[in-house]
Amino acid sequence: MHPSENKTAVVVDRYPMWLEAMEHVLGRLRVSVVGRTVSAAEGYQLVCEHEPDVLITDIETEDEGPDPLWHLRRARNEFPQLKCIVLSTYDDLEHIDAALEAGAVAYVVKTVHPDDFAAAIRQAFEHSIYLAGATAVSPSSITAAPPAPATDDWCGLTRRELEILQLVAEGHSNAQLARMLWVTEQTVKFHLSNIYRKLDVANRTEASRWAQLHGLLAEPMAATA
């Protein structure tokens, strides 16, 4: 069975054309759209009515009152199993951070190729990390990033940032990370920039050293010449 087969989605965007485009991509993945709207508030109501597997929403709707991320956070709180994907024209760290902190599992810039959007949807449903040209790799075959504790030990890093930091510290390139996580290299760069800022480091070498010192690696990194 296809990983996303029989899944359902609610889609929200202020432009009907994007609603059509999202439904087309979801159809390719055998995900049924059970609700579509140009209003974030109505999107929340559709989530309550249909309890879909995934909510895909823009963050630029023209609702009065709370912004779309407020509705996304509310939906996630009431339906913890709901997967949320943000689709936006914004590509700055402030918007990406806000979306991930609200509970989004993926942030997709509208300039990406449709295949990258499809990959983000697949990643939301699948519990494996994929390597290009290979079969799925069980999470147990790699070292999982630890859950973010309710302290300042991780400098405010999100779970996704911890995962990327660990993989960087293990020596993976941006291109490898993009393939493993089914995202674009640009998305990897966004996450890395955010990680560097939060850790107050200048590059991946310093970030890797931080990861080693804070126990994110299963084994100490081998010394390099």
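Under the 4.5 Å side-chain heavy-atom criterion for ILVMFWY residues, no single connected hydrophobic cluster contains both W70 and Y44. A single hydrophobic cluster is seen to contain both F190 and V86, as judged by linkage of ILVMFWY side chains at heavy-atom distances under 4.5 Å, directly or through other members. Residues V54 and V10 do not share a hydrophobic cluster, defined by chaining ILVMFWY side chains whose heavy atoms lie under 4.5 Å apart. Note on L157 and I164: same hydrophobic cluster, where clusters join Ile, Leu, Val, Met, Phe, Trp and Tyr whose side-chain heavy atoms are under 4.5 Å apart, directly or indirectly. Using a 4.5 Å cut-off between side-chain heavy atoms of Ile, Leu, Val, Met, Phe, Trp and Tyr, with links allowed through other members, V34 and L29 fall into different hydrophobic clusters.
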Derivation of the side chain to side chain contact (heavy atoms under 4.5 Å, CB included) call for W18 and K110 | CA-CA 9 Å; W18 273 102; K110 285 186 174 180; 3.7 Å; yes
Determine, stepwise, if the pair E206 / Y196 fulfils side chain to side chain contact (heavy atoms under 4.5 Å, CB included).
-> CA-CA 9 Å; E206 293 181 10; Y196 298 161; over 6 Å; no
Test side chain to side chain contact (heavy atoms under 4.5 Å, CB included) on D97 and K198 and set out the steps.
-> CA-CA 11 Å; D97 268 350; K198 289 182 178 181; 4.2 Å; yes
Evaluate side chain to side chain contact (heavy atoms under 4.5 Å, CB included) for L72 paired with T57, printing each intermediate quantity in order.
-> CA-CA 8 Å; L72 183 153; T57 182; 3.8 Å; yes
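Environment of CG in N77: crowded, with over 12 heavy atoms of neighbouring residues, nucleotides or ligands closer than 6.0 Å.
Residue G43 comes nearest to T37 through the heavy atom pair N-CG2, 3.5 Å, listed as atom of the first residue, atom of the second, then distance. Closest approach of L82 and A75 over heavy atoms only: CD2-CB, 3.8 Å. The minimum heavy-atom distance linking A211 with L165 is given by the pair CB-CG, 3.9 Å. Across all non-hydrogen atoms, the minimal contact from R14 to E60 is CD-O, 3.0 Å. Counting all heavy atoms, side chain and backbone alike, A120 lies closest to A106 at CB-CB, 4.2 Å. Nearest heavy atoms, L192 versus V168: CD2-CG2, 3.7 Å.
Using modelled atom types, no side-chain atom of K7 and backbone atom of V31 make a donor-acceptor pair closer than 3.5 Å. Counting only distance, with no hydrogens or angles, the side chain of D13 and the backbone of L19 share no donor-acceptor pair below 3.5 Å. Proximity of a side-chain donor or acceptor of S32 to a complementary backbone N or O of T8 within less than 3.5 Å is not detected.
The list of ring pair (Phe, Tyr, Trp, His ring centres under 6.0 Å) pairs with a residue in residues 78-112, not counting sequence neighbours, reads Y90-H95.
Interatomic distance, NZ of K83 versus CD1 of I121, reported as 14.0 Å (0.5 Å rounding). To the nearest 0.5 Å, atom OG of residue S39 and atom CG of residue L46 are 9.0 Å apart. The line from CD of Q186 to OG1 of T111 is 8.0 Å long, rounded to the nearest 0.5 Å. Taking CG from L162 and NE2 from H191, the interatomic distance works out to 12.0 Å, rounded to the nearest 0.5 Å. The line from CD of E20 to CE of M22 is 10.0 Å long, rounded to the nearest 0.5 Å. The CD1 atom of I195 sits 10.5 Å away from the CZ atom of R160 when rounded to the nearest 0.5 Å.
Looking at M180, R179, Q166 one by one, the single match for side chain to side chain contact (heavy atoms under 4.5 Å, CB included) with H172 turns out to be M180. The side-chain hydrogen bond (donor to acceptor under 3.5 Å, both in side chains) test with N174 singles out one residue from R204, E185, K189, and that residue is R204. None of L55, I56, D58 except one satisfies the side chain to side chain contact (heavy atoms under 4.5 Å, CB included) rule with V12; the exception is L55.
The pair R28-D115 meets the salt-bridge criterion, since a charged nitrogen lies less than 4.0 angstrom from a carboxylate oxygen.
Counting heavy atoms from C-beta on, the side chains of N194 and E161 come closer than 4.5 Å.
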